[in-house]
Amino acid sequence: MNSNKKPSMSELKLRRLTEHNMRLREDLERQRVRVSDASANLIRYCKTTRDYLCPSVWGPVQKGEDPYAPQGGGGCCLIQ
């Protein structure tokens, strides 16, 4: 192709299709996880990881364990 000429319509279509084909090949090579495996992992995580915002499921939270409890500092700021 000469640098003075504009690319023809067929060349543009070929370039676009080639780029699309490359993206599809990259997508095909991406590792996949089955939905059943992903949902089993999510269920296992939810059963084993304690959620402090759901005391009805995990029971009451001790003040020392609760990361959302207000911190007792006495003031609003500390200057060192």
Applying side-chain contact (heavy atoms from CB on, under 4.5 Å), can you list everything that pairs with Glu26, at least two apart in sequence or on another chain?
none
Could you tell me the separation between the OG1 atom of Thr18 and the CD atom of Glu11, rounded to the nearest 0.5 Å?
11.5 Å
Test side-chain contact (heavy atoms from CB on, under 4.5 Å) applied to Leu17 and Asn21, step by step:
CA-CA 6 Å; Leu17 285 172; Asn21 191 8; over 6 Å; no
Interatomic distance, CG@Leu24 vs CD@Glu29, rounded to 0.5 Å, equals 11.5 Å
Among residues two or more places apart or on two chains, list those pairs meeting salt bridge (charged side-chain N to carboxylate O under 4.0 Å, His left out) that have a residue in residues 34-60.
Arg50-Glu65
Any chance you could measure Arg23, atom CZ, to His20, atom NE2, to the nearest 0.5 Å?
6.5 Å
Set of residues satisfying side-chain hydrogen bond (donor to acceptor under 3.5 Å, both in side chains) with respect to Ser10, sequence neighbours excluded
Ser8
Any donor-acceptor N/O pair, Ser39 side chain to Ser36 backbone, under 3.5 Å
yes
